[in-house]
Student: 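A single structure is presented below for examination.
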Amino acid sequence: MLFLVKEIHQQLILEDIEFEIICLDDGSKSPLNEKNKDINKLSFSSFKSLENNIGRSAIRNLLAKKAIYNWLLFLDADVIPVKSNFIKNYIHCFKKDKTVFCGGLLYEDKKENFGLLRYKFGKRHEEISVEKRIENPEKFFFTSNFLIQNAIFADVIFEEKLTQYGREDLLFSLELIKKGFIIEHISNEVYHLGLDKNDLFVSKTKKAMENLIFIDKQSLIDTKEMPLLELVRKISILKMTRIVGMFHLFFEKLAIKKSSVFFLNCMKVSYMCHLKLKHE
């Protein structure tokens, strides 16, 4: 986090605008927090570690409540801007109202990343060209790098019923569209650093699937707006839910062992069916 904040701070100083940088750690108890305290030594910058994990949605809402300026730039702690004019590019967006801007994600093509499932998944499903992102704005809305007006955020906010990892970005983007706001994709990417090992990434993916089942049960989304939910619904109609759900551990082991996005996607469907049976 400290490395990211120093880079953003330097770019903001060069642009000579009023700003604040607010950093919150979500109760991780990470040893890195000792270094992150140095953020408090930078001008107009603060770092605080929360006692308890309140969830990805709640912590973003808390960050927005603490902010005093009109525009909010949300960045995950494990990213770094690709360009030295990253902040300047976002400043150009200040002229537009009722618009939320997404800069995009990239993954570094480094030898140590090549064998990681997280890298392969990110390259296939998240590192999307701006041209393709524009075609389906809400689908490729990633909360790791976006700019939004404070007033728009206050009208939408993140769904705090979601306390586990994953899918809060989907709900947020769909709510933006429903309320008439525009999602505009631009080429102002960040690199996603510190990629999870296979077993941790698969574990997080399962939590995201649990969130998706929760979203469905709470009727927070139309099933047709989420292809995975629609697929599971069709499997249910065919009376195949129990059979498909039996294989989730098999696909999980293969996804981890082979760093396979294909088997990860199979696990998602199978695990969703397994969860569906548990909640019936």
Side-chain angles (χ1 to χ4, degrees), residues 1-28 30 32-33 35-81 83-104 141-163 168-169 171-173 175-176 179-186 188 190:
M1 184 185 292
L2 180 59
F3 182 57
L4 166 65
V5 172
K6 283 184 174 180
E7 174 62 28
I8 294 297
H9 187 271
Q10 182 180 21
Q11 290 193 28
L12 285 163
I13 292 291
L14 288 173
E15 294 306 317
D16 193 26
I17 61 170
E18 291 185 331
F19 70 90
E20 61 178 350
I21 299 175
I22 306 171
C23 304
L24 292 177
D25 171 78
D26 203 3
S28 72
S30 169
L32 293 175
N33 286 341
K35 287 186 177 181
N36 289 333
K37 288 178 181 177
D38 287 346
I39 292 170
N40 294 308
K41 298 175 183 178
L42 298 172
S43 58
F44 315 112
S45 305
S46 66
F47 169 81
K48 182 180 179 181
S49 182
L50 303 182
E51 284 297 317
N52 300 303
N53 186 315
I54 62 175
R56 290 158 61 93
S57 293
I59 200 167
R60 289 192 177 99
N61 292 341
L62 180 58
L63 283 165
K65 287 177 184 176
K66 289 177 174 290
I68 61 173
Y69 292 113
N70 183 38
W71 285 93
L72 311 175
L73 173 59
F74 282 88
L75 294 171
D76 282 353
D78 58 355
V79 304
I80 196 72
K83 302 169 185 174
S84 60
N85 60 346
F86 177 77
I87 291 296
K88 183 188 289 288
N89 289 339
Y90 270 136
I91 289 174
H92 291 322
C93 299
F94 290 176
K95 299 171 186 177
K96 288 189 178 181
D97 287 327
K98 295 188 176 182
T99 304
V100 179
F101 299 90
C102 297
F141 179 89
F142 301 125
T143 52
S144 48
N145 173 25
F146 75 100
L147 180 76
I148 186 171
Q149 284 177 289
N150 208 329
I152 295 177
F153 189 94
D155 192 27
V156 179
I157 73 168
F158 283 93
E159 177 54 72
E160 293 193 11
K161 290 178 183 177
L162 299 182
T163 56
E168 69 280 347
D169 48 359
L171 279 185
F172 190 80
S173 64
E175 192 65 18
L176 284 171
K179 293 200 172 182
F181 298 113
I182 299 166
I183 297 175
E184 182 172 324
H185 287 270
I186 64 173
N188 201 29
V190 294

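Numbering of residues begins at 1 and proceeds along the displayed sequence. Note that the structure is a prediction, hence the values are computed from the model and not measured. Computed from heavy atoms alone, side chains included, the values below leave out hydrogens, waters and symmetry copies.
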Student: Which pair of heavy atoms, one from Ser43 and one from Ile13, lies closest together, and at what distance?
Tutor: OG-CD1, 4.2 Å

Student: Donor-acceptor check, side chain of Tyr90 to backbone of Gly103, threshold 3.5 angstrom: yes or no?
Tutor: yes

Student: Is there a ring pair (Phe, Tyr, Trp, His ring centres under 6.0 Å) between Phe146 and Phe141? Walk through the geometry before answering.
Tutor: CA-CA 8 Å; Phe146 75 100; Phe141 179 89; 5.1 Å; yes

Student: For Asn40 versus Ser46, what's the shortest heavy-atom pair and its separation?
Tutor: OD1-CA, 3.3 Å

Student: Working to the nearest 0.5 angstrom, can you tell me the gap between Ile39 CD1 and Ile22 CD1?
Tutor: 12.0 Å

Student: Side chains of Leu63 and Leu24: does their closest heavy-atom pair fall under 4.5 Å?
Tutor: yes

Student: Would you call Asp25-Lys48 a salt bridge at under 4.0 Å N-O?
Tutor: no

Student: Show the numbers, then the answer: is there a side chain to side chain contact (heavy atoms under 4.5 Å, CB included) between Phe74 and Thr143?
Tutor: CA-CA 7 Å; Phe74 282 88; Thr143 52; over 6 Å; no

Student: Once rounded to the nearest 0.5 Å, what's the spacing between atom CG of Leu75 and atom SG of Cys23?
Tutor: 9.5 Å

Student: Is it the case that more than 12 heavy atoms not belonging to Asp16 sit under 6.0 Å from its CG atom?
Tutor: no

Student: Using modelled atom types and a 3.5 Å cut-off, is there a donor and acceptor pairing between side-chain atoms of Asn188 and backbone atoms of Phe86?
Tutor: yes

Student: Assess whether side chain to side chain contact (heavy atoms under 4.5 Å, CB included) is satisfied between Asn145 and Val79, documenting all intermediate values.
Tutor: CA-CA 8 Å; Asn145 173 25; Val79 304; 5.9 Å; no

Student: Working to the nearest 0.5 angstrom, can you tell me the gap between Ser30 OG and Lys35 NZ?
Tutor: 10.5 Å

Student: So, the side chain of Asn33 versus the backbone of Ser49: is there a donor-acceptor pair under 3.5 Å, distance only?
Tutor: no

Student: Between the side chain of Asp76 and the main-chain N/O of Asp78, is any donor-acceptor distance below 3.5 Å?
Tutor: no

Student: Please examine the side chains of Leu2 and Lys37, heavy atoms only from C-beta on, and report whether any two atoms are closer than 4.5 Å.
Tutor: no

Student: Taking atom NZ as the centre, does Lys65 end up with more than 12 heavy-atom neighbours from other residues, nucleotides or ligands that are less than 6.0 angstrom away?
Tutor: no

Student: Tell me which one of Phe3, Phe19, Phe47, Phe44 satisfies ring pair (Phe, Tyr, Trp, His ring centres under 6.0 Å) with His9.
Tutor: Phe19

Student: Mind listing the closest non-hydrogen atom pair of Ile183 and Cys102 along with its distance?
Tutor: CG2-SG, 4.0 Å

Student: If only side-chain N and O atoms count, and only distance matters, is there a donor-acceptor pair under 3.5 Å linking Glu15 with Gln11?
Tutor: no

Student: Between Ser28 and Asp26, is there a donor-acceptor pair closer than 3.5 Å when you use the side chain of the first and the backbone of the second?
Tutor: no

Student: First locate atom NE2 of His92, then atom CG of Asn89, and finally report the distance between them rounded to the nearest 0.5 Å.
Tutor: 6.0 Å

Student: Treating Gln149 as the side-chain partner and Leu72 as the backbone partner, does any N or O pair qualify as donor plus acceptor under 3.5 Å?
Tutor: no

Student: For Asn53 and Gly55, work out which heavy atoms get closest and say how close.
Tutor: OD1-N, 2.9 Å

Student: Checking Asp155 side chain against Asn150 main chain: does a donor-acceptor pair fall under 3.5 Å?
Tutor: no

Student: Any heavy-atom pair between the side chains of Ile80 and Glu7 that's under 4.5 Å?
Tutor: yes

Student: What about the rings of Phe153 and Phe181, do their centers lie closer together than 6.0 Å?
Tutor: no

Student: First locate atom CG of Leu14, then atom CD1 of Ile87, and finally report the distance between them rounded to the nearest 0.5 Å.
Tutor: 10.5 Å

Student: Please lay out, stage by stage, how Ile182 and Leu176 fare under the test side chain to side chain contact (heavy atoms under 4.5 Å, CB included).
Tutor: CA-CA 7 Å; Ile182 299 166; Leu176 284 171; over 6 Å; no

Student: I would like to know whether Val156 and Ile148 meet side chain to side chain contact (heavy atoms under 4.5 Å, CB included); could you show each step before the answer?
Tutor: CA-CA 11 Å; Val156 179; Ile148 186 171; 5.9 Å; no

Student: Between Ile8 and Ile21, which heavy-atom pair has the shortest distance, and what is it?
Tutor: CG2-CD1, 4.2 Å

Student: So, do Leu4 and Val190 sit near enough that their side-chain heavy atoms are less than 4.5 Å apart?
Tutor: no

Student: Is there side-chain contact between Arg56 and Arg60, with heavy atoms separated by less than 4.5 Å?
Tutor: yes

Student: Would you say that Glu20 contacts Ser45 through its side chain, given a criterion of any heavy-atom pair below 4.5 Å between the two side chains?
Tutor: no

Student: Measuring from atom CG of Leu147 to atom OG1 of Thr99, what distance do you get when rounded to the nearest 0.5 angstrom?
Tutor: 10.0 Å

